[in-house]
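The next block holds one structure in the form of structure tokens; read it before the comments.
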Amino acid sequence: MLDAQTIAVVKSTIPLLADTGPKLTAHFYDRMFRHNPELKDIFNMSNQRNGDQREALFNAICAYATNIENLAAILPAVEKIAQKHTSFQIRPDQYQIVGHHLLATLDEMFSPGDEVLDAWGKAYGVLAQVFIDREGQIYDETKAKTGGWEGTRPFRIAAKKPQSTLITSFELEPVDGKPVADYRPGQYTAVWLKPEGFAHQEIRQYSLTRNPNGKSYRIAVKREGEGQVSSWLHQHAKEGDVVNLVAPAGDFFMDVTPETPVTLISGGVGQTPMLAMLNTLAATGHRGQVNWFHAAENGSVHAFADEVAQLGNQLPAFHSHVWYSQPDADDRAQQRFDSEGLMTLADEAGQFSDSATQFYLCGPVGFMQFAAEQLVKLGVDKSRIHYECFGPHKVL
């Protein structure tokens, strides 16, 4: 535990941190990658370039400083980050590197004196140990599972199937032919790649898109315009190629009783964790109401429509509504969607009026904010709204 003086000193720096903003974490990352370039094989450099990771770390630092005497308040964020860290295989010695550069950043930017640096050193040490302990538990739990493993494991691309003009699914089977670990619907696996032409090893997390079968995994990847990894997977990866995976992880997952009403809300490729949830609900004979609400631009980019319909037919109380923001003539002729324009949840409120309904959201941050705001206005308590951000976490 931290003493009162250390807590007071750290909290006294909050105004300085707030005034500095993400420039603080930009300096930190620039410094760390300059002195420890090997970490570029761990961090997503795309998120460095667009500023998302720097903003996420800045928000985390401020949250920790604000709640330093009440760690319980930040434990949900700790769990989310710890789960993501295990997909990067973060180890205790790397926390020492991060701590060194964090303190050096504070010194170089502010010259705050030994008292402040010592206080932040103690505070960082406490938080780092919380992460180290929790991540150690996750590693141990994963390794102990049937089909579980430690570190990375080679998987062969058994099938590659375009699901739309932008989304392709990949069936991945372990090279060793042994069982693979189960996972909770909504969790992800991390793909580790360094094919020819890549300057650094790249690690990306992709949602698992069906219920566990103990034999293989399926992911679905959207081709991003400048996405190095997604472009390679779409354009160069072929059946028979081998990639490395880390065991499934993630704090976003569905956990409901067989009678619980469930509403799955997605935009674009955000449907991928929802597919695992829907697969699981169908496979377990879910008896409660299940709503599938999905938004896409048009039919050419709308993936897995047939699979969703087949799964819905297996459920006793299933309702689907699809919105296309820019349908074409063929979409209209074939009636591929239910409504044109943006998702309007008020029109579907009768489908989720039960106060026990649990809501799961995934998609672009702007879409999730739009959907969550509608739900709150319709009287849904925030505690029943669960969501996942692809990339660094943001608060809705």
Next on the checklist: Quick one, Gln137 with Asp133, criterion side-chain hydrogen bond (donor to acceptor under 3.5 Å, both in side chains). Give me CA distance, side-chain angles, the key distance, then yes/no.
Outcome noted: CA-CA 6 Å; Gln137 291 174 347; Asp133 291 345; over 6 Å; no
Next on the checklist: Under 4.5 Å side-chain heavy-atom separation, chaining through any Ile, Leu, Val, Met, Phe, Trp or Tyr, what else clusters with Leu342? Say none if it is isolated.
Outcome noted: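 ILVMFWY cluster around Leu342 also holds Phe370.
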Checklist entry - Got a sec, which hydrophobics cluster with Phe198, joining ILVMFWY side chains under 4.5 Å apart, including via others? => result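 Joined to Phe198, directly or through intermediates: Trp149, Phe155, Ile157, Phe170, Leu172, Val180, Tyr183, Val191, Leu193, Tyr206, Leu208, Tyr217, Ile219, Val221, Val229, Trp232, Leu233, Val243, Leu245.
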Kindly list each side-chain donor-acceptor pair under 3.5 angstrom involving residues 63-72, sequence neighbours excluded, with atom names and distances?
residue: Tyr64; atom: OH; partner: Ala123; partner atom: O; Å: 2.6
residue: Thr66; atom: OG1; partner: Cys62; partner atom: O; Å: 2.8
residue: Asn67; atom: ND2; partner: Ala63; partner atom: O; Å: 2.9

Checklist entry - Side chains of Gln5 and Asp3: do they bring a donor and an acceptor to under 3.5 Å? => result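 Not at all, the side chains of Gln5 and Asp3 share no donor-acceptor pair under 3.5 Å.
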Item to check | Pairs touching residues 242-265 that satisfy salt bridge (Lys or Arg N to Asp or Glu O under 4.0 Å), sequence neighbours left out | outcome: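 For residues 242-265: Lys80-Asp251, Glu259-Arg287.
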Item to check | Any pair counted as salt bridge (Lys or Arg N to Asp or Glu O under 4.0 Å), so long as it reaches residues 294-319, sequence neighbours left out | outcome: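 The answer is Arg218-Glu307.
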Item to check | Qualifying ring-ring contact (aromatic ring centres under 6.0 Å, His included) pairs, either residue in residues 308-333, two or more places apart | outcome: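 Every ring-ring contact (aromatic ring centres under 6.0 Å, His included) pair that includes a residue of residues 308-333, provided the two are not neighbours, is Phe293-Trp323, His302-Tyr324, His321-Trp323, Tyr324-Phe337.
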Item to check | CE on Met343 to NE2 on His294, rounded to 0.5 Å | outcome: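 One gets 8.0 Å once the value is rounded to the nearest 0.5 Å.
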Checklist entry - Ignoring hydrogens and geometry, is there a side-chain-to-backbone donor-acceptor pair from Arg384 to Ser355 under 3.5 Å? => result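 Yes, Arg384 side chain to Ser355 backbone: donor-acceptor pair under 3.5 Å.
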Item to check | From Arg210, Arg156, Glu173, residue fulfilling side chain to side chain donor-acceptor pair (under 3.5 Å) relative to Ser216 | outcome: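 That would be Arg210; it is the only one of Arg210, Arg156, Glu173 passing the side chain to side chain donor-acceptor pair (under 3.5 Å) with Ser216.
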Checklist entry - Under a 4.5 Å side-chain heavy-atom rule over Ile, Leu, Val, Met, Phe, Trp and Tyr, are Phe359 and Val322 clustered together? => result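 Per the 4.5 Å side-chain linkage, Phe359 and Val322 are not co-clustered.
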